[in-house]
Amino acid sequence: MEVEMNISEIVKDWNSVYKEIFDTEADFSKVYIPPIPIMGKWRLLFILKAIKMGFSYQVCQKLFEIRSYCDDLDKDISINSRSPVESYAIWVRDEPSPTQEFLGKTIAVDPKMGKGITLLERIIFEIKYFTETGQHLDVKGQTFCSGSRNASGFFPTVDLNNQSEVDIFWHAPDFFYQGFGIREVVSMENFNRVYVKP
């Protein structure tokens, strides 16, 4: 019962986040919540139906300094593990830096590296974290958004650069560097429909 009450409060909070920060009505009351892993610290993220990366990027610009090395995120990032055809929820490792066990690994070699956060999810996480704490994610390290790719197979990365700007950059799948890694995500396999809680 206590878990259900906590989840209910989280849902209300996310409804408020989209209303107050995105100026968009949201109702996540019927979105299925994936089971939370037993080990580790996790945060529940809600991604609103039909929300765009470009729009979320513009919301970031109103809150803090951010720059991207592509002109149109929605056009340039054509492949995503999850897309908001319907609203959905994921659990993501609730840490300021990428998941420790994946640091310094290349996506091309380790298949688990392909199960990380998408760029849209990473942007939403940044907004939520910043509005809660006044701080940024990836002050140390850099997140490989391995759930997203462009047509050439390159994937976006996000970190905080030396100018205190949130920075969206690109790397090839075989790129690796110590301190860079994915953010592990727990999600449902099929997001083509809203999962109604029993």
Side-chain angles (χ1 to χ4, degrees), residues 5-34 36 41-77 80-98 116-139 141-143 145 147-148 156-161 163-169 183-188 191 194-195 197:
M5 291 176 61
N6 290 339
I7 292 294
S8 178
E9 290 302 313
I10 293 171
V11 169
K12 290 179 182 178
D13 179 51
W14 275 99
N15 289 341
S16 298
V17 166
Y18 279 97
K19 176 63 176 176
E20 296 170 9
I21 300 175
F22 291 80
D23 194 26
T24 303
E25 293 292 339
D27 180 5
F28 299 115
S29 61
K30 293 184 178 180
V31 173
Y32 184 84
I33 311 299
I36 185 171
K41 183 181 179 184
W42 298 83
R43 174 187 288 258
L44 190 59
L45 301 185
F46 283 88
I47 309 300
L48 184 64
K49 177 181 178 178
I51 195 164
K52 301 291 186 181
M53 279 180 281
F55 173 62
S56 300
Y57 182 84
Q58 292 172 0
V59 170
C60 290
Q61 290 178 310
K62 297 177 182 179
L63 297 172
F64 46 78
E65 296 294 324
I66 185 171
R67 67 175 180 173
S68 170
Y69 285 86
C70 70
D71 296 327
D72 188 333
L73 292 174
D74 295 305
K75 180 180 179 181
D76 292 345
I77 300 176
N80 291 285
S81 299
R82 293 165 297 280
S83 297
V85 176
E86 298 287 352
S87 297
Y88 68 88
I90 60 169
W91 292 101
V92 63
R93 286 290 187 103
D94 192 12
E95 302 165 351
S97 299
I117 201 167
T118 68
L119 180 58
L120 175 61
E121 294 161 356
R122 174 59 180 76
I123 291 173
I124 299 297
F125 190 4
E126 182 76 35
I127 291 170
K128 188 69 165 68
Y129 188 82
F130 181 81
T131 55
E132 286 180 356
T133 67
Q135 305 295 319
H136 291 286
L137 299 166
D138 294 313
V139 175
Q142 188 174 78
T143 293
C145 297
S148 298
T157 61
V158 184
D159 72 336
L160 192 72
N161 64 29
Q163 289 75 43
S164 297
E165 299 171 313
V166 174
D167 210 6
I168 300 174
F169 198 66
R183 288 183 180 274
E184 191 177 3
V185 166
V186 174
S187 62
M188 299 303 297
F191 292 113
V194 172
Y195 289 81
K197 291 183 291 186

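All of these numbers come straight from a predicted model, not from anything done at the bench.
With Ser68 contributing its side chain and Cys70 its backbone, the two residues share a donor-acceptor pair below 3.5 Å. When atom types are taken as modelled, the side chain of Asp74 and the backbone of Met53 share a donor-acceptor pair closer than 3.5 angstrom. Side chain of Ser164 to backbone of Leu160: no donor-acceptor contact under 3.5 angstrom is found. A donor-acceptor distance shorter than 3.5 angstrom exists from the side chain of Trp14 to the backbone of Leu44, with no hydrogens or angles considered.
The shortest side-chain heavy-atom distance between Trp91 and Pro34 falls under the 4.5 Å cut-off. Side chains of Leu119 and Ile168 form a contact here, defined as non-hydrogen atoms less than 4.5 Å apart. Using a 4.5 Å cut-off on side-chain heavy atoms (C-beta onward), Phe55 and Thr24 make contact. Contact of the Asn161 side chain with the Phe169 side chain is not registered, since no non-hydrogen atoms from C-beta on lie closer than 4.5 Å. In this structure, Ile21 and Thr131 have side chains that are in contact, with non-hydrogen atoms separated by less than 4.5 Å. Contact check for Pro84 versus Leu120: side-chain heavy atoms found under the 4.5 Å cut-off. Between Lys19 and Glu25, some side-chain heavy-atom pair lies under the 4.5 Å cut-off. Ile51 has its side chain within reach of Ser56: a pair of non-hydrogen atoms, C-beta onward, lies under 4.5 Å apart.
Interatomic distance, CD1 of Ile124 versus SG of Cys60, reported as 7.5 Å (0.5 Å rounding). To the nearest 0.5 Å, atoms CD (Gln142) and CG (Leu137) are separated by 12.5 Å. Rounded to the nearest 0.5 angstrom, Leu48 CG and Phe22 CZ are separated by 8.5 Å. From Asp167, atom CG reaches atom CD of Glu65 across 11.5 Å, with rounding to the nearest 0.5 Å. Atom CG of Asn15 and atom CD of Glu20 lie 10.5 Å apart (nearest 0.5 Å). Taken to the nearest 0.5 Å, the CD atom of Gln135 stands 12.5 Å off from the CZ atom of Phe64.
In this structure, Tyr18 has its ring center no closer than 6.0 Å to that of Phe46. In summary, the aromatic rings of His136 and Tyr129 are positioned with their centroids too far apart to meet the 6.0 Å limit.
Of all heavy-atom pairs between Ala89 and Val31, the closest is N-CG1, 3.7 Å. Closest approach of Arg183 and Glu95 over heavy atoms only: NH1-O, 2.6 Å. In terms of heavy atoms, Leu63 sits closest to Phe130 at O-CE2, 3.6 Å. The two residues Tyr57 and Arg67 have their closest heavy-atom pair at OH-CA, 3.1 Å.
Within 6.0 Å of the NZ atom in Lys128, the count of heavy atoms belonging to other residues, nucleotides or ligands exceeds 12.
Residue Arg122 is tested with Leu45, Val92, Asp138 for a side chain to side chain contact (heavy atoms under 4.5 Å, CB included); the sole match is Asp138.
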Derivation and outcome, side chain to side chain contact (heavy atoms under 4.5 Å, CB included), residues Val166 and Val158: CA-CA 7 Å; Val166 174; Val158 184; 3.7 Å; yes
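Thr118 and Arg82 share no side-chain donor-acceptor pair at under 3.5 Å.
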